[in-house]
Amino acid sequence: MDPVTAADAVTELVELRSYRLAPGQAEAFVTHFERHFLASQEVLGMEIVGQFTVPGDDARFVWVRRFRSPTRRGAALARFYGGPVWAEFGPRANELMVDHTDVHLLVPDPSMPDFAPAHVPHAQRPAGGDAPPGGTAGTTVVAATYTLAGTGGLPRGAAEAMGTAAPRAGVTELGRLVSARVPNDFPRLPVHEGVTVAVWLLSDRAGGRAASAAAEAVAAAHDLPVRTTALTPTRRSTLR
């Protein structure tokens, strides 16, 4: 499948963005980000479905941005980063950031295509409100990133194993995502290229230990290198 055909076939794109911040600035960055960059991006056709800090690391911020109109991703990003909100509040964000290039451009894997269906646009939430109805407080989200040898989706055996491993461990699947085989149509924001990954997102009410163990068991059974990261959802994160 050539890049043009691939782009036309994709129904949504998801960015998993992991930022390195200046030491001790995670809390300040979350406050600035959620005050200025949630509804302002969504009004331009993007959805901010997850925002997280990393336990024990006060210089990390991870977030998830979705594009339900993939062919308009570049135009939406150009409008935002060339627009008045970023002109006013972007400089402060850049002051707090050290690196913003650890980004995977993903699509939902066919084995679990319904990603973040409960997202409520931030502009429709009460000012200062928490997660949308149905959100679970006190959870840890674990992002398990598997390195895949090919260029396709999750191996069938691994996907089947995930479907049984999550309930057995008492954790909830939030999504299975794989690298998108489409060009980055906004080069100003780089993404990882030349590598294929699968990202398994799990919600764990026991601090992330059970989810991490389940992810690592799937990796060991199917010979897949994996890196797990425990994430703490911010107050306004949909994914939790």
Task: Under 3.5 Å: donor-acceptor pair, side chain of R125, backbone of R236 - done: yes
TODO: Starting from V199, walk the hydrophobic network (Ile, Leu, Val, Met, Phe, Trp, Tyr; side-chain heavy atoms closer than 4.5 Å) and list everyone else you reach, by chain and number.
DONE: V14, L16, V49, F52, V54, V62, V64, L106, F115, V141, L174, L177, V195, V197, L201, L231, L239
TODO: Taking all heavy atoms of A210 and all of V171, pick out the closest pair and write down the distance.
DONE: CB-CG1, 3.9 Å
- [ ] Indicate if L148 and M112 have the same hydrophobic cluster label, given that clusters are the connected sets of ILVMFWY residues with side-chain heavy-atom separations under 4.5 angstrom.
- [x] no
- [ ] Not counting sequence neighbours, which residues clear side-chain hydrogen bond (donor to acceptor under 3.5 Å, both in side chains) with N94? List them please.
- [x] none
TODO: Tell me, please, which residues at least two apart from V43 pass side-chain contact (heavy atoms from CB on, under 4.5 Å).
DONE: none
TODO: For T101, enumerate each residue passing the side-chain hydrogen bond (donor to acceptor under 3.5 Å, both in side chains) test, keeping only those at least two apart in sequence or located in another chain.
DONE: D99
Open item on the list: Can you pull out every ring pair (Phe, Tyr, Trp, His ring centres under 6.0 Å) where at least one residue sits in residues 206-240? Sequence neighbours excluded, please.
Closed with: none
- [ ] Return the set of residues passing side-chain contact (heavy atoms from CB on, under 4.5 Å) with P225 (not counting sequence neighbours), or none when no residue passes.
- [x] T147
Task: Closest contact, heavy atoms only, A22 versus V98 - done: N-CG2, 3.5 Å
Task: Test side-chain hydrogen bond (donor to acceptor under 3.5 Å, both in side chains) applied to Q41 - qualifying residues, sequence neighbours left out - done: R65
TODO: Might you work through the side chain to side chain contact (heavy atoms under 4.5 Å, CB included) test for L77 and E15, ending with a clear yes or no?
DONE: CA-CA 12 Å; L77 291 172; E15 295 174 348; 4.1 Å; yes
- [ ] May I ask you to decide if the ring planes of Y81 and W86 are parallel, tilted or perpendicular, using 30° and 60° as cut-offs?
- [x] perpendicular
TODO: Answer yes or no: is there a side-chain heavy-atom contact under 4.5 Å between H119 and E42?
DONE: yes
TODO: Locate the shortest heavy-atom distance separating D185 from G74; write the atom from each residue and the value.
DONE: OD2-N, 3.1 Å
Open item on the list: For R92, give me all partners under side-chain contact (heavy atoms from CB on, under 4.5 Å), at least two apart in sequence or on another chain.
Closed with: Q25, H32, E95, L96
Task: Nearest-0.5 Å distance, CD of residue E34 to CZ of residue F29 - done: 10.5 Å
Task: Any pair counted as ring pair (Phe, Tyr, Trp, His ring centres under 6.0 Å), so long as it reaches residues 90-114, sequence neighbours left out - done: H104-H192
TODO: For atom CZ of R20, decide whether the heavy atoms of other residues, nucleotides or ligands shown that lie under 6.0 angstrom number more than 12.
DONE: yes
- [ ] With sequence neighbours excluded, give me every side chain to side chain donor-acceptor pair (under 3.5 Å) pair touching residues 153-167.
- [x] none
Open item on the list: With a 4.5 Å cut-off on side-chain heavy-atom distances among I, L, V, M, F, W and Y, is there a chain of contacts connecting M162 to V142?
Closed with: no
TODO: Using a 4.5 Å cut-off on heavy atoms from C-beta on, say whether the side chain of R73 contacts that of L105.
DONE: yes
Task: side chain to side chain contact (heavy atoms under 4.5 Å, CB included) assessment of E173 paired with L202 - done: CA-CA 5 Å; E173 289 194 83; L202 298 164; 3.9 Å; yes
Task: Which atom of A144 lies closest to which atom of V226, heavy atoms considered - done: CB-CG2, 4.0 Å
Open item on the list: My understanding is that only residues two or more places apart in sequence, or in another chain, count here; which of them pass side-chain hydrogen bond (donor to acceptor under 3.5 Å, both in side chains) with W63?
Closed with: Y19
Task: Heavy-atom side-chain contact between D204 and T139 under 4.5 Å - done: no
Task: Nearest non-hydrogen partners of A165 and W200, listed with the distance - done: CB-CH2, 4.3 Å
Task: With sequence neighbours excluded, residues passing side-chain contact (heavy atoms from CB on, under 4.5 Å) with A159 - done: S111, L154, R176
- [ ] Could you please spell out the steps behind the side chain to side chain contact (heavy atoms under 4.5 Å, CB included) verdict for L38 and Q51?
- [x] CA-CA 10 Å; L38 296 179; Q51 308 94 250; 4.1 Å; yes
TODO: Taking the side chain as every heavy atom from C-beta outward, state whether F33 and T234 have any pair of such atoms under 4.5 Å apart.
DONE: no
Task: Sidechain-backbone polar pair: N184 side chain, L189 backbone, donor-acceptor under 3.5 Å - done: yes
